Amino acid sequence: MSSIPTPAGERRGSLTPILLFAGLALFILLPFAQSLITSFISTMPRDGIREGEVSLINYIHIATVPALRASILNSTFYVLLNVVLCLIGGLPAAYAYSRYSFTGDRHFFFMLLIFRVTPPVVLSLPIFILFAHLNLVNTPVGIALVHCLFNIPIAIWVLESFISAVPRELDETAFLDGYSLPRFFVRHLIPVIAPGIGVTAFFCFIFSWVEVVFARILTVTAGMPITMAINSLLGIRPDMGLVMAMNVVSLLPGLAMIYFVRNHLARGFVVRT
């Protein structure tokens with residue numbers, strides 16, 4: 001029995017999404033591929049390795065130079081601390097906005113969001129003066145705390161929408177069963193809104209990881225994050241192989257974050273839409 005031929009128009013229609021996806025993937029991955037390839041090339045002669053030779057010297061250099069190692073640890077520490085602080089501070093506040101009403105609650109909520117759209121340069125001088133008095137300059141803790149100023153409003157905004165989607169009967173039933181509010185959070189609320197927590201952690205991580213203004217202002221002599229370490233490598237004659245290796249290394253924590261929250265992240269975006 002002969003098969004029915006597929007019309008040419010349908011074949012072209014089915015190929016169009018594939019071609020569009022391939023073009024988008026090429027556009028996104030081409031710069032990363034270029035960075036990855038360059039990171040394995042010695043763009044400056046060192047330790048008996050000729051310029052242009054393929055080797056692991058750039059990654060070995062990152063592992064052996066204390067300042068570069070410290071920048072990676074500093075960035076990872078303050079970003080994770082920022083995520084934890086935003087969740088600890090944002091979850092109770094989001095629950096209060098979702099479950100209770102008070103005079104001016106919406107106005108105060110939108111006032112918090114104003115901090116997210118405020119240019120960081122506007123607040124850089126007063127924050128530097130305040131942190132200098134508190135001895136928080138040149139420390140990853142200082143960067144984590146100042147990032148909370150911008151990320152906690154986002155955490156409250158995202159978590160409040162997820163908590164509002166949870167029926168109030170869940171709270172009432174738990175309280176009738178004798179649960180305290182902290183125990184209710186741990187045993188019932190957090191598992192239910194786990195996708196929202198994943199989305200919140202993702203956004204706080206990304207916003208904190210790529211921010212450079214406060215990282216530059218608050219790390220003058222020490223506590224330098226990886227973004228500032230990369231910037232310091234771009235001198236008069238930059239070692240582009242080393243710079244690209246640092247770029248590749250800077251992507252690893254973000255990829256790890258996406259991997260660990262991938263399930264919650266996917267469900268969270270479905271719920272949000």
Side-chain angles (χ1 to χ4, degrees), residues 17 21 24 28 76 78-120 123 143-211 251 253-273:
F21 178 78
L24 179 62
I28 295 174
T76 304
Y78 80 69
V79 170
L80 293 179
L81 178 60
N82 174 258
V83 171
V84 171
L85 292 177
C86 287
L87 291 177
I88 292 176
L91 187 58
Y95 182 82
Y97 273 113
S98 174
R99 293 297 192 254
Y100 305 105
S101 298
F102 55 90
T103 303
D105 53 354
R106 295 294 99 182
H107 296 85
F108 186 73
F109 181 71
F110 285 115
M111 187 179 69
L112 286 175
L113 293 178
I114 291 176
F115 282 107
R116 193 62 195 88
V117 299
T118 301
L123 303 174
I143 303 178
L145 291 176
V146 75
H147 284 180
C148 288
L149 178 67
F150 294 90
N151 287 340
I152 283 183
I154 295 296
I156 297 173
W157 178 52
V158 175
L159 291 171
E160 189 269 342
S161 63
F162 280 93
I163 295 174
S164 296
V166 177
R168 291 177 180 268
E169 289 77 8
L170 180 68
D171 311 41
E172 297 169 357
T173 303
F175 296 149
L176 288 175
D177 290 339
Y179 281 81
S180 62
L181 188 59
R183 190 181 175 200
F184 164 72
F185 269 47
V186 174
R187 295 292 300 274
H188 294 281
L189 186 62
I190 291 178
V192 171
I193 63 167
I197 293 176
V199 172
T200 304
F202 173 77
F203 280 123
C204 292
F205 183 96
I206 294 300
F207 290 152
S208 184
W209 186 261
V210 302
E211 198 279 330
L251 294 175
L255 294 175
M257 178 68 180
I258 294 174
Y259 175 80
F260 286 118
V261 303
R262 65 190 187 282
N263 295 328
H264 295 320
L265 196 62
R267 291 197 298 269
F269 280 124
V270 170
V271 172
R272 287 287 293 169
T273 55

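Keep in mind the model is a prediction, meaning the values are calculated, not measured. Worth knowing before you read on, the calculation uses all heavy atoms, side chains too, and leaves out hydrogens, waters and symmetry mates.
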Visitor: Testing the basics here: between Glu211 and Pro120, what is the closest heavy-atom pair and its distance to 0.1 Å?
Guide: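 For Glu211 and Pro120, the tightest heavy-atom pair comes out as OE2-CB, 4.5 Å.
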
Visitor: Distance check, rounded to the nearest 0.5 Å: Leu159 atom CG versus Ser164 atom OG?
Guide: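 Output value for this atom pair is 10.5 Å.
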
Visitor: Test Leu91 against every option in Thr200, Ile190, Ile156 by the side-chain contact (heavy atoms from CB on, under 4.5 Å) rule and name the one that passes.
Guide: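 Considering Thr200, Ile190, Ile156, a side-chain contact (heavy atoms from CB on, under 4.5 Å) with Leu91 is found only for Ile190.
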
Visitor: Going by side chain to side chain contact (heavy atoms under 4.5 Å, CB included), name the residues that satisfy it together with Val146, two or more places apart in sequence or in a different chain.
Guide: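 So Val146 forms a side chain to side chain contact (heavy atoms under 4.5 Å, CB included) with Ile127, Phe131, Phe214, Leu218.
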
Visitor: Heavy-atom count around Arg99 CZ within 6.0 Å, excluding the residue itself: above 12?
Guide: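 Buried by this count: over 12 neighbours within 6.0 Å.
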
Visitor: Name all residues meeting the side chain to side chain contact (heavy atoms under 4.5 Å, CB included) criterion together with Leu181; count only those two or more places apart in sequence or in a different chain, and write none if there are none.
Guide: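 Only Tyr95, Phe175, Phe184, Phe185 meet the side chain to side chain contact (heavy atoms under 4.5 Å, CB included) criterion with Leu181.
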
Visitor: Please report the shortest heavy-atom distance between Leu189 and Ile163, naming the atom on each side.
Guide: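 Where Leu189 meets Ile163 most closely, the heavy atoms are CD2-CD1, 4.4 Å.
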
Visitor: Enter the distance from Glu160:CD to Tyr97:OH here, rounded to the nearest 0.5 Å.
Guide: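 Here the rounded value is 9.5 Å.
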
Visitor: How long is the gap from OH on Tyr179 to NE2 on His188, to the nearest 0.5 Å?
Guide: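 Output value for this atom pair is 3.5 Å.
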
Visitor: Between Asn151 and Ser208, which heavy-atom pair has the shortest distance, and what is it?
Guide: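 Heavy atoms only, the tightest pair is ND2-CB, 3.9 Å.
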
Visitor: To the nearest 0.5 Å, what is the distance between NE2 (His147) and CG (Leu81)?
Guide: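 CG of Leu81 is found 11.5 Å from NE2 of His147.
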
Visitor: Quick one: does any side-chain atom of Ser98 pair with a main-chain N or O of Ala94 as donor and acceptor, under 3.5 Å?
Guide: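 Judged by distance alone, no pair lies under 3.5 Å.
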
Visitor: Working to the nearest 0.5 Å, report the span between SG of Cys204 and CG of Leu85.
Guide: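 If I round to the nearest 0.5 Å, the distance is 10.0 Å.
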
Visitor: Donor-acceptor check, side chain of Ser161 to backbone of Val158, threshold 3.5 angstrom: yes or no?
Guide: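 Answer holds: yes.
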
Visitor: Which pair of non-hydrogen atoms, one from Ile88 and one from Pro92, has the smallest distance, and what is that distance?
Guide: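 Looks like O-CD, 3.0 Å.
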
Visitor: Show the nearest heavy-atom pair for residues Val186 and Pro191, with the distance to one decimal.
Guide: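 In terms of heavy atoms, the two residues are closest at O-CD, 3.5 Å.
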
Visitor: Check each of Phe203, Phe202, Trp209 against Ile206 using the side-chain contact (heavy atoms from CB on, under 4.5 Å) test, and report the only one that passes.
Guide: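 Between Ile206 and the candidates, side-chain contact (heavy atoms from CB on, under 4.5 Å) is satisfied uniquely by Phe202.
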
Visitor: Taking all heavy atoms of Ala144 and all of Asn82, pick out the closest pair and write down the distance.
Guide: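 In this case the closest contact between Ala144 and Asn82 is O-ND2, 3.2 Å.
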
